[in-house]
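As a basis for the values below, the full set of heavy atoms in this structure was taken, side chains included, without hydrogen atoms, waters or symmetry mates.
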Amino acid sequence: MKLIVGLGNPGSKYERNRHNIGFLALDRIREDHGLPAWRKRFQGLVSDGKIAGERVLLLKPGTYMNDSGRAVREAAKFLKVPLGDVVVLHDELDLPPGKLRVKTGGGNAGHNGLRSITNHLGNDYVRVRLGIGHPGHKDKVAGYVLHDFAKAEADWVEQLLTALARAGDRLAEGDYARFQSDVAREIGDASPSEPGGQLARPSAAKRSGSSGSSAKPKAATGAAASTAAAGSGGGAPSQRALARSAAKPGKPKSKSKRAPKTSDPPAEPTTAEANASAKTSGAQGGALADKLKAWLTGKPRG
């Protein structure tokens, strides 16, 4: 059995946020694979059934993003789901908008939902990273992830959700490499094997630590580069290279470090507010996916 979790914040205030793309993905999987309507359980909303003959439970925690681990732990413990069969779909600032990558374990990259799940369950669960892009500076992250998708983003959001749901069979079967490649092929992603963590089923080469090719040597710099250029038969060094080699080396400039990221606002609603919201979101859950897809596409889906 697979426990497939989508991360987001409950309530109409957040339903179209970039931070809620995990919820949107589960809505599409449930609808496209004919699973039952959402119902309240495990401190959230659930829908269970079979996809490709495999039993799955879809879970949207109602405990708010920064406390998602409580709902996930309760469901996993009750259903006796091993950590390796817990799959979490979440927004990813480090991926371009519309891209998808899968990895098992790894860092939480400042994502409060992942951090909460790790604290409650452990770290070696499967993460389906749904790219939303980065606003460019850490001070803009909270506003960015808690802002609704722009209408200009509707095409890639719809394309990603559609491709993800169509590949849902692979997800239910635990064939994460094929799942990732199927989605990449449909969205036109030419490089699905970009670095992003280890897939749940690594190849033999990855398990042995061998990639089949030797590491590239670092390029020489400064005087060494000029000397190498002059003695390599590639022609005399340029005036700029000679100037660099003659110049007295000074204190190297420090490279600017990328601003740390976070995918959660500084403060979020309390658990009491979460419980109150969960009571109302149960009635709204069934209509949410259809309403949002109509907004994204500009017309109802056929």
CG (Leu7) and CD1 (Ile21) are apart, to the nearest 0.5 Å, by 12.0 Å

For a salt bridge (Lys or Arg N to Asp or Glu O under 4.0 Å) check, start with the C-alpha distance between Glu74 and Arg41, then their side-chain angles and the critical distance, and finish with the verdict. CA-CA 10 Å; Glu74 183 177 325; Arg41 198 178 183 191; over 6 Å; no

So which atom in Gly98 and which in Leu160 form the shortest heavy-atom distance, rounded to 0.1 Å? O-CD1, 3.6 Å

Residues Arg30, Asp27: salt bridge by 4.0 Å N-O rule: no

Smallest heavy-atom separation, Pro61 atom then Pro10 atom, equals O-CD, 4.4 Å

I need the minimum non-hydrogen distance between Lys50 and Gly53, along with the two atoms involved. CD-O, 4.0 Å

Looking at Asp91 and Arg18, is any side-chain nitrogen of the basic one under 4.0 Å from a carboxylate oxygen of the acidic one? no

Assess the pair Trp38 and Phe23: is the distance between their ring centroids shorter than 6.0 Å? no

From CE (Met65) to CG (Asn112), nearest 0.5 Å: 8.5 Å

Which heavy atom of Ile51 sits nearest to which heavy atom of Gly168, and what is that distance? CG2-O, 3.8 Å

Carboxylate-amine/guanidinium contact Arg101 Glu92, below 4.0 Å: no

Going through the distances and angles, do Lys2 and Glu54 end up as a salt bridge (Lys or Arg N to Asp or Glu O under 4.0 Å)? CA-CA 8 Å; Lys2 292 287 185 298; Glu54 301 290 337; 6.0 Å; no

Among side-chain atoms of Thr104 and Tyr176, is any donor-acceptor pair under 3.5 angstrom? no

May I ask you to decide whether Arg39 forms a salt bridge with Asp48, counting only side-chain N to carboxylate O separations under 4.0 Å? yes

Exercise: identify the closest heavy-atom pair between Leu45 and Lys40: CD2-CG, 3.7 Å

Closest heavy-atom pair, Gly49 versus Leu35, reported as atoms and distance to 0.1 Å, is CA-CD2, 3.8 Å

Could you check whether Asn17 and Asn9, counting side-chain N and O atoms only, form a donor-acceptor pair closer than 3.5 Å? no

Ring geometry between Tyr64 and Tyr14 (parallel below 30°, tilted from 30 to 60°, perpendicular above 60°): perpendicular

Parallel under 30°, tilted from 30 to 60°, perpendicular over 60°: which one fits the rings of Phe149 and Trp156? perpendicular

Separation of Leu26 CG from Leu59 CG (nearest 0.5 Å): 8.0 Å

